Amino acid sequence: MENEIPEFSQVNNYDQEKIVFNIIWLNIGAAVFCILVGAVFVILYQLIWKVSFISILNLGYFPAYLFLIIFIILAFSHEAIHALSFAYFADNKFKSVKIGMMPKEKLFTPYCHCKELLKIKHYRIGAFMPMFVLGIIPVAISLLIGNNVLLTWGILMIVAGFGDFCFLLKLGKERGKDLVYDLPNEAGFIVYRNKTNR
């Protein structure tokens, strides 16, 4: 079955641990993360380009509907980058990857799910890539060329990767050659740790 979780018996000689994050708390954390990340990069931008705080955040020429459309496109681009990264490492490539949206009880949060077990080192790459491509690179370019639009969208996309950042922190102590299974209906994963050579 598509959403069947690999059982311990299917992954020989591995211990398993299920790790799940609360979507609501992740979104609250993202709001706090937004303030912290925004403050750091906005202050840095001000120091480099000697401009006012108001001028940096001035996106008045973006109508609300256009801002929303761009945000939705970038949100699904975020998941598409996850999909490309996971598919690259998965045995069955794109057949093992699914993009969707969680129900209203989980705040209609977009997600990308990989149906295969991946090595943790590969999962880390897949989790980090959207934040890097859509967030860190645009912010770095904005600081180099003085573009407040790139800065704003870059900050938003870094914040959009807060859940991935939490995943990466949680996996920080794990060995790269161990395995991880991305949960299909929850914000979390199952770690499979090889019991040999530990």
Side-chain angles (χ1 to χ4, degrees), residues 19-83 85 99-113 123-174 182-183 185-189:
I19 299 168
V20 177
F21 296 84
N22 183 293
I23 285 289
I24 294 175
W25 281 110
L26 280 180
N27 280 281
I28 292 172
V32 176
F33 190 60
C34 182
I35 294 170
L36 296 175
V37 170
V40 169
F41 287 120
V42 167
I43 291 171
L44 188 58
Y45 189 94
Q46 282 182 293
L47 292 173
I48 294 171
W49 293 99
K50 312 298 183 187
V51 293
S52 70
F53 177 78
I54 297 299
S55 66
I56 294 173
L57 299 181
N58 181 19
L59 295 177
Y61 46 86
F62 271 88
Y65 75 88
L66 182 58
F67 189 94
L68 180 61
I69 290 171
I70 293 173
F71 186 82
I72 291 172
I73 291 171
L74 288 175
F76 278 95
S77 297
H78 175 112
E79 303 307 331
I81 293 171
H82 277 316
S85 303
I99 294 176
M101 184 175 287
M102 293 183 178
K104 63 182 180 181
E105 293 81 9
K106 297 185 179 179
L107 307 180
F108 297 109
T109 306
Y111 71 88
C112 174
H113 167 58
Y123 188 83
R124 285 174 178 149
I125 294 171
F128 178 66
M129 284 305 291
M131 184 188 293
F132 179 68
V133 173
L134 297 176
I136 295 173
I137 289 177
V139 166
I141 293 173
S142 76
L143 295 175
L144 288 173
I145 67 174
N147 186 299
N148 69 312
V149 176
L150 274 179
L151 179 73
T152 301
W153 285 112
I155 289 171
L156 286 175
M157 289 300 101
I158 289 175
V159 172
F162 177 73
D164 302 322
F165 179 70
C166 291
F167 283 21
L168 289 168
L169 284 179
K170 196 68 177 178
L171 289 171
K173 62 181 175 61
E174 305 294 344
D182 186 52
L183 292 171
N185 300 312
E186 298 176 273
F189 44 80

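These numbers come from the heavy atoms of this one structure, side chains and all, not from hydrogens, waters or symmetry mates. Here the structure is a predicted model, which means the values were calculated and not measured.
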* Begin from the C-alpha positions of Ile136 and Phe128 and carry the test side-chain contact (heavy atoms from CB on, under 4.5 Å) through to its verdict. => CA-CA 10 Å; Ile136 295 173; Phe128 178 66; 3.9 Å; yes

* Start with the C-alpha distance between Tyr111 and Ile23, add both sets of side-chain angles, then the distance that settles side-chain contact (heavy atoms from CB on, under 4.5 Å), and finish with yes or no. => CA-CA 12 Å; Tyr111 71 88; Ile23 285 289; over 6 Å; no

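No side-chain heavy atom of Gln46 sits under 4.5 Å from any side-chain heavy atom of Phe41. The side-chain heavy atoms of Trp153 and Leu134, taken from C-beta on, include no pair separated by under 4.5 Å.
Taking all atoms of both residues into account, the shortest heavy-atom contact from Glu174 to Arg124 is O-NH2, 2.6 Å. Closest approach of Asp182 and Gly188 over heavy atoms only: OD1-O, 3.6 Å. Nearest heavy-atom pair across Pro138 and Val133 is CD-O, 3.3 Å. Closest heavy-atom contact between Phe189 and Leu171: CE1-CD2, 3.6 Å.
Rounding to the nearest 0.5 angstrom, the gap separating the CD1 atom in Ile158 from the SG atom in Cys34 is 10.0 Å. Rounding to the nearest 0.5 Å gives a distance of 12.0 Å between CD1 of Ile48 and CD1 of Ile43. Atoms CE and CD1, from Met157 and Ile81 in turn, are 10.0 Å apart once rounded to the nearest 0.5 Å. In this structure, Leu151 CG and Ile155 CD1 are separated by 4.0 Å, a value rounded to the nearest 0.5 Å. Between the CD1 atom in Ile145 and the CG atom in Leu150 there is a gap of 5.5 Å [rounded to 0.5 Å].
Side chain of Lys173 to main chain of Lys170: no donor-acceptor pair is present (N/O by atom type, distance under 3.5 Å, no hydrogens or angles).
In terms of the ring pair (Phe, Tyr, Trp, His ring centres under 6.0 Å) criterion, Phe76 has no residue partners (sequence neighbours excluded).
Within the structure, no pair that satisfies the side chain to side chain donor-acceptor pair (under 3.5 Å) test touches residues 67-77, not counting sequence neighbours.
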Kindly list each side-chain donor-acceptor pair under 3.5 angstrom involving residues 160-168, sequence neighbours excluded, with atom names and distances?
{"residue": "Asp164", "atom": "OD1", "partner": "His82", "partner atom": "NE2", "Å": "3.3"}
{"residue": "Asp164", "atom": "OD2", "partner": "His78", "partner atom": "NE2", "Å": "2.9"}
{"residue": "Asp164", "atom": "OD2", "partner": "His82", "partner atom": "NE2", "Å": "3.0"}

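No side-chain donor from either of Asn148 and Tyr45 sits under 3.5 Å from a side-chain acceptor of the other.
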